[in-house]
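The structure appears right after this line, and notes come after that.
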There are 2 protein chains.
Amino acid sequence: MRDVSRLAGVSRMTVARVLHRSGGVLPTTQARVEQAVSALGYVPDRAAGSLSTRRSGFVGLVLPTLNNANFASLAEGLTEALRPANYEVLIGYTGYSVAEEERQIRTMLARRPEALVLAATGHSPATRRLLEPGRPPVIEIAELPDQPLAHAIGLSNEAAGRAAADTLLGLGHRKLGAIGPGRDGDRIDTRGEARLRGFVAAVAAAGLPTSLALAEGGLPNSYRHGAEAMAALLAQAPDVEAVFAISDLSAVGALSECQRRGIAVPGRISLLGFGDFDIGQQLVPPLSTIATDFPGMGRAAGRMIIELVAPPSTGAGGLQQPALDRRLDIGFNLLERGTTRAAGPAGINHRKASHA
Amino acid sequence: MRDVSRLAGVSRMTVARVLHRSGGVLPTTQARVEQAVSALGYVPDRAAGSLSTRRSGFVGLVLPTLNNANFASLAEGLTEALRPANYEVLIGYTGYSVAEEERQIRTMLARRPEALVLAATGHSPATRRLLEPGRPPVIEIAELPDQPLAHAIGLSNEAAGRAAADTLLGLGHRKLGAIGPGRDGDRIDTRGEARLRGFVAAVAAAGLPTSLALAEGGLPNSYRHGAEAMAALLAQAPDVEAVFAISDLSAVGALSECQRRGIAVPGRISLLGFGDFDIGQQLVPPLSTIATDFPGMGRAAGRMIIELVAPPSTGAGGLQQPALDRRLDIGFNLLERGTTRAAGPAGINHRKASHA
DNA sequence: CTGTTAGCGCGTTCAC
DNA sequence: GTGAACGCGCTAACAG
């Protein structure tokens, strides 16, 4: 910048004014400065700027994994909503590990994010301490925890699990199985577990056995994991009638396993997933699933952040509102497509339930 | 930090020494400081540190899209390789847009990355200027461009396209189609286009018509796009014998479309994709594809960066080596799985070609 | 409309 | 073994 100001024959302050379009600069001066900037290929140092402004200009997003279309959509929604306010989004991922989440949050905090959006699950005590008031605002997303850190945008995963069970029961199925998330060291998918919990609760409430609710395999959820779980399920109960998979990923794997074994879906087994992944829509038959608006959650989080923190461009605020604990329920839609069917002789059933 | 030093009754200098484990501090003093740090929940300000050290401690990774398992693997490989050297990875994505890539690179440059890894495609002239020498080292990844910016790690996508054609021809197919990447405004998938180009060249070299090499649909590549392209292909040539899709994503969509129409794959049509996505392995039949080691490319990039730039922990280097233009060919494997079969009466053919 | 001064939070050199 | 002083590149507040 010093070079630029010298080349343009003005002070560094004037250069700054041109760069920020704060006006009050003579057109001729401005032109000289702009020329110098492009001649030198000068790009202002954001780190130094932040240090001075005390506004880092970015929002941290902590994801469990990159390899999941739902989280990708979430990230895109957030980025999109934050762009007009001139915020950048920094993405970190944890592989569902609680320790890794703590590490990620700590390194993000070191760069002083204006806000933190947490899609990772299962916060450690140290993490909770790290995020106490006085710190940047925190939004937990894709769930509505019992003990939220602050703000939350998402859905009740337990309710989604219950809805899955109720739908399968409503179809007349009585022998219900589930493919849960499993655990792997300190890796934990609390949302998947909540869905499984809701499912089990609803099945139990109907007076039916819940021993077929599997929770094994590794994390992150994967196609292969779903295929393996389906195989285990069939070994345990060859006459299982309906299966809920807590992720479309495992549902797709389960569907493939059935196809490999010549088991008709939905003829002999009804299959229901969660997440409404693109792949599920394309499959033959198309996967029945529970859909949530992930891009919408991201956008909502972006809007909330803009509300909580004045955008960096104005330079005005930065003050955090008195912590008005807000939670936003996005709800979900249960989509009965091609992999679910009423029990008994050739039942056909098309329904669509909406929960918000 | 000021607060910490006061609480511990020492100078800020001593606090810094404890934080960096540079030694030369009395155990008792050290304990006092550590206690103060955790009592206050103090996290050092990295931005200020970077300003002073002139080492930002992060590497920028620019991806075309988040919603693609190959790029997710790439990111994981890079992160993994860079972790021991204490680098963080900042991820940006462009949606395949050339203008957006320029914007992303500019904002990254503003934070002074130690290196840049570019998986996005189709650099604008302004981008090339931005990345001229004197700037951080740049690694282009997942391709080996004719006019590389500097270093490159990847494969020849043209060679992959040629291999696809050769394989399909070798199977005895004569009526070959392809599903390319399409363009959408300034969005461009140069790698997909290179694969298509290689394919077309090989088909032409065999003296066969290339009119069935489609390049339409939007970006990013998607299942739906593949299904639509397959429909278009069948409308144009109902008797097409073999199809190469430049992405497994579109290949899976094409396979679904065939299944919906009752067209046997590989019975009537051979189908070959690219990318070796998890989903392709799980499908019935499993998708024939071209595999590349994406995590490996990420790790190789990480190692190259560590070689080019001394890690921030040592604080020693930061100097860029004399630009030894390096290109690393990772090669690819053509995997004939369940969706390709020799033409004619019940031909069976299992081959596995390796190119590096 | 433009320049000067001070300081953001930290690391580093040198004294003590 | 510990502390004081300066500077990293930039911007906020004020002066001219």
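As the structure is a prediction and not an experimental result, all values here were calculated from the model. Naming convention: chains lettered A, B, ... in sequence-line order (proteins, then strands); numbering from 1 in each chain.
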Quiz item: For S73(A), which residues count as a side chain to side chain contact (heavy atoms under 4.5 Å, CB included) partner, sequence neighbours excluded?
Solution: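 So S73(A) forms a side chain to side chain contact (heavy atoms under 4.5 Å, CB included) with F294(A), P295(A).
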Exercise. Mind checking side chain to side chain contact (heavy atoms under 4.5 Å, CB included) for R54(B) and listing every partner two or more places apart, or none if nothing turns up?
Key: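 R54(B) satisfies side chain to side chain contact (heavy atoms under 4.5 Å, CB included) with no residue once adjacent residues are dropped.
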Quiz item: Counting N and O atoms only, with roles assigned by atom type, does the side chain of R32(A) sit under 3.5 Å from a partner on the main chain of A8(A), one being a donor and the other an acceptor?
Solution: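 Confirmed, R32(A) side chain pairs with A8(A) backbone.
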What is the distance from [atom1] of [X] to [atom2] of [N], rounded to the nearest Å?
X: D45(B); N: dC8(D); atom1: CG; atom2: P; result: 18 Å
X: L51(B); N: dC8(D); atom1: CG; atom2: P; result: 9 Å
X: H20(B); N: dG1(D); atom1: NE2; atom2: P; result: 19 Å
X: R21(A); N: dT11(D); atom1: CZ; atom2: C1'; result: 17 Å
X: R46(A); N: dT11(D); atom1: CZ; atom2: C1'; result: 13 Å
X: R55(B); N: dG9(C); atom1: CZ; atom2: P; result: 24 Å
X: R6(A); N: dG9(D); atom1: CZ; atom2: C1'; result: 14 Å
X: R112(A); N: dG9(C); atom1: CZ; atom2: P; result: 9 Å

Quiz item: Given axes from five pairs at either end, by how many degrees does the helix from dC1(C)-dG16(D) to dC16(C)-dG1(D) bend, rounded to 10°?
Solution: 40°
Self-check item: 4.5 Å side-chain heavy-atom contact, L61(B) and T79(B)
Solution: no
Quiz item: Could you state the interatomic distance from CZ (R111(A)) to CZ (R46(B)), rounded to the nearest 0.5 Å?
Solution: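 One finds 5.0 Å between CZ of R111(A) and CZ of R46(B).
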Quiz item: For the atom pair CD1 (I105(A)) and CZ (R128(A)), what is the distance rounded to the nearest 0.5 Å?
Solution: 10.5 Å
Quiz item: Is the shortest distance from a Lys or Arg side-chain nitrogen in E307(B) or R303(B) to a carboxylate oxygen in the other one below 4.0 Å?
Solution: no
Quiz prompt | Proximity to the side chain of L26(B) - top-ranked nucleotide from dT2(D), dC10(C), dG11(C) | solution = dT2(D)
Practice problem: I would like to know whether I153(A) and M304(A) meet side-chain contact (heavy atoms from CB on, under 4.5 Å); could you show each step before the answer? | Solution: CA-CA 10 Å; I153(A) 298 177; M304(A) 190 181 275; 3.9 Å; yes
Practice problem: Could you list by number each residue of residues 28-41 of chain B showing a heavy-atom separation from DNA chain D of less than 4.0 Å, or answer none if no residue does? | Solution: T29(B)
Quiz item: Ignoring hydrogens and angles, are the base of dG9(D) and the side chain of S52(A) linked by a donor-acceptor pair under 3.5 Å?
Solution: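 No pair found.
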Is it true that the side chains of [X] and [Y] contain a donor and an acceptor less than 3.5 Å apart?
X: H123(A); Y: E140(A); value: yes
X: S124(B); Y: T127(B); value: yes
X: Q104(B); Y: T94(B); value: no

Quiz item: Mind checking what makes side-chain hydrogen bond (donor to acceptor under 3.5 Å, both in side chains) contact with D186(A), not counting sequence neighbours?
Solution: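 In terms of side-chain hydrogen bond (donor to acceptor under 3.5 Å, both in side chains), with neighbours along the sequence ignored, D186(A) is linked to S97(A).
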Quiz item: Counting just side-chain N and O atoms, does R54(A) come under 4.0 Å of either OP1 or OP2 of dG9(C)?
Solution: yes
Quiz prompt | Phosphate-side-chain proximity, Y42(A) and dG9(D), N/O vs OP1/OP2 below 4.0 Å | solution =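 No, outside the criterion.
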Practice problem: Could you list by number each residue of residues 7-19 of chain B showing a heavy-atom separation from DNA chain C of less than 4.0 Å, or answer none if no residue does? | Solution: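 Within residues 7-19 of chain B, the residues near DNA chain C are R12(B), M13(B), A16(B).
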